[in-house]
Number of protein chains: 2
Amino acid sequence: MARWQPDARGRLERAAFELFVEQGFAATTVPQIAERAGLSTRTFFRHFADKRDALFAEEHAVPEQAARIIAEAPASLGPLQIVVDGFDAVAAAQFSREKSYYIARHRIIESDDGLRERQLRMPAALVEALRTGFEKRGSDPIDALLAAHLTATVFSVSIGRWLGSPSDEPLAALLRDTFDRMRRTASS
Amino acid sequence: MARWQPDARGRLERAAFELFVEQGFAATTVPQIAERAGLSTRTFFRHFADKRDALFAEEHAVPEQAARIIAEAPASLGPLQIVVDGFDAVAAAQFSREKSYYIARHRIIESDDGLRERQLRMPAALVEALRTGFEKRGSDPIDALLAAHLTATVFSVSIGRWLGSPSDEPLAALLRDTFDRMRRTASS
DNA sequence: ATTCTGATGTCACGCAATGTCATCACTCAA
DNA sequence: TTGAGTGATGACATTGCGTGACATCAGAAT
């Protein structure tokens with residue numbers, strides 16, 4: 001028999017999410033999270049840099065997948081052509097839970113300034129991953145950075161539309177539509 | 001005679017900047033900043049929400065000026081036409097100090113994760129200000145949001161180019177050049 | 001002269017976050 | 001079989017952030 005219950009990190013994540021829903025983010029203390037997960041406060045900080053991080057445990061996957069898609073794309077494609085084709089895969093892989101989960105999570109984030117700020121790190125990391133990927137394919141550095149920003153914009157705006165839309169329009173469709181509108185806006 | 005020395009907030013800003021340069025951000029404590037400014041620790045937190053904020057005291061001016069420019073623009077212009085015309089004014093008003101100051105500040109920010117994250121709030125606030133301004137002029141909400149993102153992208157990329165360029169190319173020229181390249185990238 | 005206002009100081013406190021050392025199960029090699 | 005090594009956790013102490021509550025005092029308002 002194992003000395004410790006398995007999946008300490010997952011237990012901390014779930015305990016944190018539950019408590020944030022029940023009491024709000026600000027009113028929840030790290031000792032409370034650790035206690036619900038059956039672990040010590042110190043152990044929480046071994047898995048997460050700070051209290052907010054428990055809500056952002058999965059975000060690293062988005063830039064990682066983006067980098068993979070770019071690296072594996074045919075050399076003939078330009079930056080924006082790659083990402084359009086990759087949207088479906090990202091939408092499927094990164095938003096596989098029930099939509100209600102992402103809505104609840106979004107509500108928590110919007111309730112706290114620190115969380116809103118923390119949320120900005122994912123798009124920034126995505127830009128950096130995309131920029132690096134495009135540069136490795138030979139893009140001019142500034143063009144690579146701009147293409148990365150445009151892509152991250154489409155991504156962020158689409159997620160916002162998806163979370164805000166009462167209908168259950170699939171994220172992949174919103175990504176394509178937002179991409180088209182971005183292009184039209186840029187050339188207007 | 002005044003009871004207190006004037007410009008408490010400015011003294012705190014300058015003391016913080018000096019200490020960040022001398023010792024680094026992480027090694028500087030709020031009591032140290034307050035002591036150098038001749039004020040109490042409590043007073044520091046009356047002027048700034050946290051230690052990082054002392055480095056971002058002026059950032060609110062960018063979104064504010066952007067909102068003003070949009071509100072005062074001729075009704076005949078589209079979102080992106082407005083901002084291109086406004087770049088010069090923003091560059092002149094918001095980056096009026098010696099370039100070495102912005103470089104030193106940039107070096108401090110890059111040295112700390114918390115500051116890097118904090119820095120993301122300005123572009124986010126700029127997007128929000130632009131989006132609101134465009135919407136008030138009758139733009140479709142999503143088009144307004146996209147135009148706001150594109151504008152903020154041009155702004156962020158241009159500042160990055162300006163800070164990183166050894167030559168002293170004027171920021172306004174970089175803004176225009178980045179804007180043109182963004183358009184070309186979007187339609188590629 | 002009295003009241004009001006606004007900025008500051010003083011004190012106390014909870015909590016975040018980190019360093020350090022101990023603990024204990026599990027692994028693997030001798 | 002045993003003993004050293006490994007890795008995750010617990011226990012404890014500490015520092016500094018950030019806030020609430022109340023007092024203080026100059027100048028403005030009336």
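Chain letters run A, B, ... following the sequence lines, proteins first, then strands; residues in each count from 1.
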(request) Whole angstrom is fine here: how far is it from CG in Asp112(B) over to P in dG16(D)? (result) 16 Å

(request) Measure from the side chain of Arg42(A), starting at C-beta and using heavy atoms only, and say which of dG16(D), dT18(C), dA21(D) lies closest. (result) dT18(C)

(request) Name the nucleic acid region contacted by Gly38(A), choosing base, sugar-phosphate or nothing; use a 4.0 angstrom heavy-atom cut-off, strictly under. (result) sugar-phosphate

(request) Kindly determine whether Tyr101(A) and Phe17(A) satisfy ring pair (Phe, Tyr, Trp, His ring centres under 6.0 Å), including the steps that lead there. (result) CA-CA 10 Å; Tyr101(A) 163 76; Phe17(A) 189 88; 5.1 Å; yes

(message) Could you tell me how far apart Gln32(B) (CD) and dC17(D) (P) are, to the nearest whole angstrom?
(response) 9 Å

(request) Check the distance between dA7(C)'s C1' and Asp7(B)'s CG and give it to me in whole angstrom. (result) 14 Å

(message) OP1 or OP2 of dA7(C) versus the side-chain N and O atoms of His47(B): is any pair under 4.0 Å?
(response) no

(request) Determine, for Arg52(B) against Glu117(A), whether the closest basic-nitrogen to carboxylate-oxygen distance falls under 4.0 angstrom. (result) yes

(request) Could you please name the option among dG9(C), dA16(C), dT9(D) that lies closest to any side-chain atom of Leu39(B)? (result) dG9(C)

(request) Using whole Å, report how far CZ of Phe48(A) lies from C1' of dA16(C). (result) 16 Å

(message) Base of dG18(D), side chain of Arg46(B) - is there a donor-acceptor contact under 3.5 Å?
(response) no

(message) Is Thr43(B) close enough to dG9(C) that one of its side-chain N or O atoms is under 4.0 Å from OP1 or OP2 there?
(response) yes

(request) Select one nucleotide: of dT10(C), dA16(C), dG10(D), the one nearest the side-chain heavy atoms of Val30(A). (result) dA16(C)

(message) I need the CG-P distance between Asp50(B) and dA17(C), as an integer number of Å.
(response) 12 Å

(request) Could you tell me whether Asp143(B) and Arg184(A) make a salt bridge, using a distance below 4.0 angstrom between a side-chain N and a carboxylate O? (result) no

(message) Do Leu126(B) and Val84(B) land in one hydrophobic cluster if side-chain heavy atoms of ILVMFWY residues count as linked below 4.5 Å?
(response) yes

(message) Output the rounded distance in Å from CG (Leu12(A)) to P (dA8(D)).
(response) 14 Å

(message) Taking the ring of Phe48(B) and the ring of Phe56(B), is the distance between their centroids below 6.0 Å?
(response) no

(request) Starting from P on dC12(D), measure out to CZ on Phe45(A) and report it in whole angstrom. (result) 18 Å

(message) Distance check needed: dC17(D) C1' versus Lys51(A) NZ, whole Å only.
(response) 13 Å

(request) Hey, which sits more toward the 5' end of DNA chain C by its nearest nucleotide, Phe44(B) or Thr41(A)? (result) Phe44(B)

